[in-house]
Amino acid sequence: MLLKIAWRNIWRSKTRSIIVILSIAFGIWSVAFLLSFSNGMVNSYIERSINNELAHIQIHHPKFMDEPELGYHLGDVQDLMDQISKDSTIKSYARRTLVYGMISTAKGAQGIKISGISPEMESQVTSINNAMATGEYLSESGKNPVIIGQKLAKKLGAKERSKVVLTFQDIDGNITAGAFRVKGIFETYNALFDEGNVFVRRKDLNALLNDPVISHEIALKIHDLHQLDHVKSAMKNAAPNLSVQKYSEISPEVELYESQISIASIIIIGIVMLALIFGIINTMLMAVLERYKELGILMAIGMNKVKVFFMIVIETILLALIGAPIGIFIGWLSVRGFSETGINLSSFSEGLRAYGISELIYPELSTMLVGYLAIGIGITAILASVYPAMKAIRLDPVSAIRKL
Amino acid sequence: MSVIEAINIHKVYNPDSDVPVHALRGIDLKIDEGEFTAIVGPSGSGKTTLLNIIGGLDRPSEGKIIIDNQDISTFKDNELIDFRQKNIGFVFQSYNLIPVLTARENIEFVMLLQKRTEQEREARVMELVTAVGLEDKIHKRPNQLSGGQQQRVAVARALASKPKFILADEPTANLDSASTTQLLDIMHQLNREEKITFIFSTHDQRVIDRAERVITIDDGKVVNDEIQN
């Protein structure tokens, strides 16, 4: 009966109820869209970081991440490589030799990270091969090929087929240098990455280092991200003396962005819900004051205060229950509309690239966000109903009945 | 046997102000089971205040209201609400039906609060709508009914929970002559058949003429109390 009265009560003033329902729907839509947009932005960053460099899991010498020195190499990892190649949860893997050194041309020089890679294996793990702006990706043919980033190329005045010199320390601490020819120029959406990274064949780099088997990093990509922790512990068991890390542990900003999304979601939901609370309180208070006499009658004929209180709470919750799914549905529709075409932010591309974010953002409405919204609106409705409901139960039936 | 006993009832509004209003000044009254009683008096004489105090809607400033050997003036708010629900039926001057409920739902409402079974509710609703002659209007909402029909629904609602007595505050004030006669006939019949005690506050001579006992109040005191033939 309470539900029936509450339901009919909210349709007594259709315009007012529709306005509240639309406010709730609009509030939820705005939060859903805004957070889906930032979700898409962060995911774009994370995805690009994973695809350009990080992969899902990396294995290093335990000290390498703190002090990336040549000496902190992986050692003999043949058994580990055999196990990785047989593990069906692992989609692809690549072994890298990493050196920090300098690249120079006639025009200038720049400090860089040199990654020695096996081109075929690497292309299964990262997507630098798909980011070639000019020229070609590394292959087994040719002598000492190198690929460099667009920004670095501009800075050094290097073009395809230009000759560059890579200088670094070898395994014995001696300065060594090698002449390389630019085979291709890549362009990712991360200006910092493009400026600070070059890729050569691992065998060429190892030859210059005087150590044909040395490597510093194994990068793994897995089939199913839900298996990430499982694969990590399997790798840890297989290589107990090495450091095994997930992408979020390797790149602190990725973890920061991921946690930031959760915190931002809660804060933004909180702000919008706070605004909604006042709107709902205002409406429900009007509804209570308008029905002052009727509430007095209900109490006069025997409806106790608890029931009156819950009747008002149920009315508010019903308004939210109508508004929330509409908001979530419109949010889902608008996110879906942009999820294929993306939102084009090319006018801000320079700034976005500096942070490694794509100029095309594909908003993503996660189940977690929908869950947060549902919980948020539930709490909002309950909080917003308390004051009007308290007001209702405080009324004196006699004075309410006398009210014209 | 007395259903209601009012002992030295005083009611003062705004007692701490410079101009306190003495609405009742020591009312003593006994109402017996099955009475059809009218409380009459000029406007402002204290009729409605007395009715509200007897019905537990208001509290006396002094004195006791004894119903079923209990002094209801000492009850807490929620105890009073429960007491009203179980023992008292109200009929108001302006009907005061719940606008979002149909006639049937209005009548059924108190029984739902009392958690009566569906069969009990169904039987009682049909019995009452037949008694008040509204069988064909049970699915109408109050705004689809005339004043007289609404007041008949209000009477049926007041009777639904089989209360010990019904308090009717100027029940005919907004009704035309035909509706008044019809309503009084219904109430009188229910009074006789179901032995329900009716207490009216009224200035309406048509109600006064039908009452078996007329209590006259003036300036907050009982000035006359007579049994009519």
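Bear in mind that the values here come from a model prediction, so they are computed numbers and not experimental data. In what follows, chains are A, B, ... by sequence order, proteins preceding strands, each numbered from 1.
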Exercise for the section: Go through the steps for A:Lys305 and B:Asn78 under the test side chain to side chain contact (heavy atoms under 4.5 Å, CB included), then give the verdict. Expected result: CA-CA 7 Å; A:Lys305 292 186 174 186; B:Asn78 268 335; 3.8 Å; yes
Problem - A:Arg336 atom CZ: more than 12 heavy-atom contacts under 6.0 Å - result: no
Problem - Worked check of side chain to side chain contact (heavy atoms under 4.5 Å, CB included) between A:Ile5 and B:Phe109 - result: CA-CA 10 Å; A:Ile5 298 181; B:Phe109 187 75; 3.3 Å; yes
Exercise for the section: Please indicate whether B:Gln70 has more than 12 foreign heavy atoms, meaning atoms of other residues, nucleotides or ligands, lying under 6.0 Å from its CD. Expected result: yes
Practice task
With rounding to the nearest 0.5 Å, note down the distance linking CD1 in B:Ile98 to CG in A:Leu298.
Solution key: 4.0 Å
Fill in the blank from the handout: Nearest heavy-atom approach of A:Ala300 to B:Phe90 is O-CE1, 3.5 Å
Practice task
Determine whether more than 12 heavy atoms belonging to other residues, nucleotides or ligands lie under 6.0 Å from atom CZ of A:Phe309.
Solution key: yes
Handout entry: From NZ (A:Lys307) to CG (B:Leu112), nearest 0.5 Å
Key = 9.5 Å
Practice task
Could you tell me whether A:Tyr387 atom OH has more than 12 heavy atoms of other residues or ligands within 6.0 Å of it?
Solution key: no
Practice task
Identify which part of B:Gln93 has an atom lying under 4.5 Å from any heavy atom of chain A, answering side chain, backbone, both or neither.
Solution key: neither
Handout entry: Per-residue contact mode, B:Ser94 against chain A (heavy atom under 4.5 angstrom)
Key = side chain
Practice task
Apply the test side chain to side chain contact (heavy atoms under 4.5 Å, CB included) to residues B:Gln85 and A:Ile301: give CA-CA distance (whole Å), side-chain angles for both, the deciding distance (0.1 Å), then the verdict.
Solution key: CA-CA 6 Å; B:Gln85 186 204 91; A:Ile301 63 175; over 6 Å; no
Exercise for the section: Taking atom CD of A:Glu47 as the centre, report whether more than 12 heavy atoms of other residues, nucleotides or ligands fall under 6.0 Å from it. Expected result: no
Practice task
Please flag which part of B:Leu57 lies under 4.5 Å from any non-hydrogen atom of chain A: side chain, backbone, both or neither.
Solution key: both
Exercise for the section: Below 4.5 Å from any heavy atom of chain A, which atoms of B:Arg59 appear? Answer side chain, backbone, both or neither. Expected result: neither
Problem - Exceeds 12 heavy-atom contacts within 6.0 angstrom, atom CD of A:Glu340 - result: no
Exercise for the section: Would you mind checking which part of B:Asp169 comes under 4.5 Å of any heavy atom in chain A, side chain (CB onward), backbone (N, CA, C, O), both or neither? Expected result: neither
Problem - Main-chain N/O of A:Met299 paired with B:Arg84 side-chain donor or acceptor, under 3.5 Å - result: yes
Practice task
To the nearest 0.5 angstrom, please state how far the CD atom of A:Glu294 sits from the CG atom of B:Asn96.
Solution key: 9.0 Å
Handout entry: Crowding at CZ, B:Phe75 (>12 non-hydrogen neighbours, <6.0 Å)
Key = yes
Exercise for the section: For A:Trp7 and B:Val100, run side chain to side chain contact (heavy atoms under 4.5 Å, CB included): C-alpha distance rounded to whole Å, both residues' side-chain angles, the deciding distance at 0.1 Å, then the answer. Expected result: CA-CA 9 Å; A:Trp7 175 256; B:Val100 293; over 6 Å; no
